[in-house]
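Report on one structure; see the data block that follows.
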Amino acid sequence: RESQRNINKRRPSLGPTQKTRQLPRTPRSPLLHQARRPPMYQLPSAPTLRRLFAAGWTAAQAFIAELLDIHPRVAVPAAHGVGKSFLAADLAVINACHPNSITIVTAPTRRQVRTIIWPHIRRRLDQLGIPTRPPSSEPNIQLDNNARIHGFATPNPDRFQGLHAERLLIILDEAAGISPEIFAAAQTVAVAEHNRILAIGNTSARPCYFAAACNADDWHTVTLDALSHPNIQNRHDVIPGAVSFRLFTEMLSKLPTSPEPTEDSFEFDGVHYLPDDNFRKLFLGQWPAAPAHALFPIAAIEAAINRDPRPSSAPVIFGIDVARLGGNKTIVAVRQGPNVLAIRQIRPADLCSQADDICTMYHEYGPTTVVIDAAGLGAGLIDLLRAANLPIVSFTGSLPPPGTQRRLATNRRTLAYLRLAAELPNLSLPKNHALRSQMALARITERAGIPALPPKVGETDHLDALSMTFAIATTSLPTPTSPP
């Protein structure tokens with residue numbers, strides 16, 4: 001041991017500079033670097049890949065693919081087990097054949113992204129022998145042509161910001177569970193000429209924005225039902241794991257029939273059947289005729305929009321839902337008897353500017369009553385308009401209904417919604433996408449046996465403004481003063 005200590009004493013010690021000094025690296029030759037790279041894979045063109053995939057598509061699936069070439073927003077309510085995720089995965093791979101393209105795949109939950117559509121995408125790429133980076137099962141793929149496929153589930157709309165490309169495809173899988181905020185974020189990003197949005201999913205009796213999109217003018221809707229599926233057409237299960245012909249015939253035998261075709265019937269083997277809501281959802285890809293707790297049936301909304309205005313001598317009433325910050329807007333609804341004359345948005349500005357715009361509308365329509373939501377910023381707008389000598393009625397929706405009407409609803413806002421629902425069969429509504437969507441999403445529940453509105457989900461400003469024109473019976477009207 002003493003000899004070892006003597007050897008250590010004779011060893012020269014390295015100084016701090018010598019310890020950190022490194023030998024200079026020899027620069028790598030660019031030619032050598034390129035020679036060591038794997039060769040680029042020649043991706044097939046999008047038309048070639050589409051012809052290859054279309055051989056395994058049904059006629060309905062091929063039509064959806066063609067529709068997505070023409071229209072920027074396509075909604076596909078689908079039956080169960082008809083290959084909707086299989087089609088969405090094929091469209092994602094086809095879009096990735098365009099250089100520098102971006103494909104976004106989202107669903108309500110991360111599990112749905114990873115276990116439903118992503119295995120289809122990975123299987124298609126493996127079948128084609130297309131190398132990906134990274135070579136893993138994570139929902140994030142980059143191809144040799146710099147195309148990217150991103151899969152994620154998020155409640156945060158900001159995740160979509162900055163994802164722009166000349167070729168952008170956003171797939172909203174299981175769209176019935178996707179929030180209105182994510183729908184809006186997708187529409188905000190997909191603004192270029194070759195940007196597309198595909199919302200696809202099963203129908204649901206629960207309130208969802210997907211149902212409103214399927215009835216919107218700016219979405220092109222095509223239904224993917226089970227009647228055209230090979231398992232049903234061939235009368236046996238030629239595609240394992242898809243819709244079952246045995247279950248189809250079993251549920252079909254329980255349906256009532258009609259001697260002649262009707263608006264609600266469908267034909268199979270020459271017989272006209274009248275489906276119930278469960279059969280609509282499972283095999284027809286249709287929305288339930290009466291969604292659970294729906295306050296305004298979709299058929300009644302469409303009828304009111306298509307109904308022509310009728311002559312009326314009733315007084316004109318304004319309903320104003322006030323907002324300045326956040327996503328909501330200040331909305332003015334104008335109603336005269338059964339005719340909703342206008343649903344107008346006031347420019348987002350300070351309350352004084354909003355008061356000026358409302359006074360301009362007041363002189364245009366001459367209402368006898370102006371009902372304003374008194375909560376929040378509405379109180380300040382009420383003071384400004386009263387100073388301008390307008391016939392203002394202050395409305396607080398959270399207050400209980402007056403007198404015996406407390407047995408009809410939990411608060412005045414619910415009572416106003418119920419009055420609007422009762423008058424809907426007689427109303428003439430303007431073609432307003434936001435109003436139609438909010439009415440389709442409105443639901444009614446019960447609290448201690450009394451009708452009540454559930455907590456707000458998404459924007460309700462257009463519907464709130466219209467409902468306030470029916471809230472006069474729940475408030476005490478002041479004596480209108482003469483207009484300025």
Side-chain angles (χ1 to χ4, degrees), residues 309 312-325 328-399 401-402 405 409 411-424 427-430 432 434-435 438-439 459-484:
S312 176
S313 58
V316 176
I317 301 173
F318 277 11
I320 304 177
D321 183 68
V322 184
R324 182 182 175 189
L325 302 175
N328 289 343
K329 313 166 187 68
T330 294
I331 304 298
V332 181
V334 184
R335 181 175 68 88
Q336 183 180 28
N339 305 318
V340 180
L341 305 179
I343 303 288
R344 191 173 299 180
Q345 175 183 338
I346 298 297
R347 54 181 175 171
D350 57 273
L351 293 181
C352 293
S353 299
Q354 294 188 30
D356 291 340
D357 291 344
I358 293 173
C359 288
T360 302
M361 290 188 62
Y362 176 84
H363 290 290
E364 179 182 354
Y365 291 99
T368 59
T369 307
V370 179
V371 184
I372 300 182
D373 184 9
L377 295 172
L381 188 59
I382 287 174
D383 293 338
L384 293 173
L385 294 178
R386 277 179 175 163
N389 209 22
L390 266 64
I392 299 299
V393 173
S394 175
F395 175 76
T396 304
S398 59
L399 292 179
Q405 296 180 348
N411 54 40
R412 300 190 180 195
R413 179 171 176 261
T414 302
L415 186 59
Y417 270 56
L418 293 174
R419 290 182 181 276
L420 170 58
E423 293 295 330
L424 184 60
L427 288 183
S428 170
L429 296 178
N432 186 290
L435 175 63
Q438 293 173 18
M439 293 182 72
E459 297 182 2
T460 59
D461 39 21
H462 291 69
L463 182 54
D464 285 337
L466 178 59
S467 68
M468 277 188 278
T469 64
F470 293 90
I472 297 178
T474 67
T475 58
S476 56
L477 290 178
T479 303
T481 56
S482 57

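These figures come from a predicted structure and were not determined experimentally.
- Residues Q438 and L466 fail the side-chain proximity criterion, which asks for heavy atoms closer than 4.5 Å.
- Every residue two or more places apart in sequence or in another chain that forms a side-chain contact (heavy atoms from CB on, under 4.5 Å) with S353 is listed here: R347, A349, D350.
- Between F470 atom CZ and I317 atom CD1 the span is 8.0 Å, to the nearest 0.5 Å.
- Remark: A465 pairs with D321, I331, A333 by the side-chain contact (heavy atoms from CB on, under 4.5 Å) rule, at least two apart or across chains.
- With sequence neighbours excluded, the residues forming a salt bridge (Lys or Arg N to Asp or Glu O under 4.0 Å) with E364 are R344, listed by chain and number.
- Looking at residues two or more places apart in sequence or on another chain, you find no salt bridge (Lys or Arg N to Asp or Glu O under 4.0 Å) involving D356.
- Rounded to the nearest 0.5 Å, atoms CG (L429) and CD1 (I343) are 8.0 Å apart.
- N339 places no side-chain N or O within 3.5 Å of a backbone atom of L341 that could act as its donor or acceptor partner.
- Of the possible donor and acceptor atoms, one in the side chain of R335 sits under 3.5 Å from a partner among the backbone N and O of G337.
- Evaluated for a side chain to side chain contact (heavy atoms under 4.5 Å, CB included) with Q354, the options L385, T330, I320, L384 yield exactly one hit, T330.
- Between atom CZ of residue F318 and atom OG1 of residue T369 there is a gap of 11.0 Å, rounded to the nearest 0.5 Å.
- For D373, there are no salt bridge (Lys or Arg N to Asp or Glu O under 4.0 Å) partners, not counting sequence neighbours.
- A donor-acceptor pair is defined here as one N or O able to donate and one able to accept, closer than 3.5 Å; no such pair exists between the side chain of Q336 and the backbone of V316.
- Checked against side-chain hydrogen bond (donor to acceptor under 3.5 Å, both in side chains), N411 has the following partners two or more places apart in sequence or in another chain: T414.
- Rounding to the nearest 0.5 angstrom, the gap separating the CG atom in L435 from the CG atom in D461 is 10.0 Å.
- Distance check: I358 CD1 to L390 CG gives 8.5 Å after rounding to the nearest 0.5 Å.
- Note that the OG atom of S394 and the CZ atom of R386 stand 6.0 Å from one another [nearest 0.5 Å].
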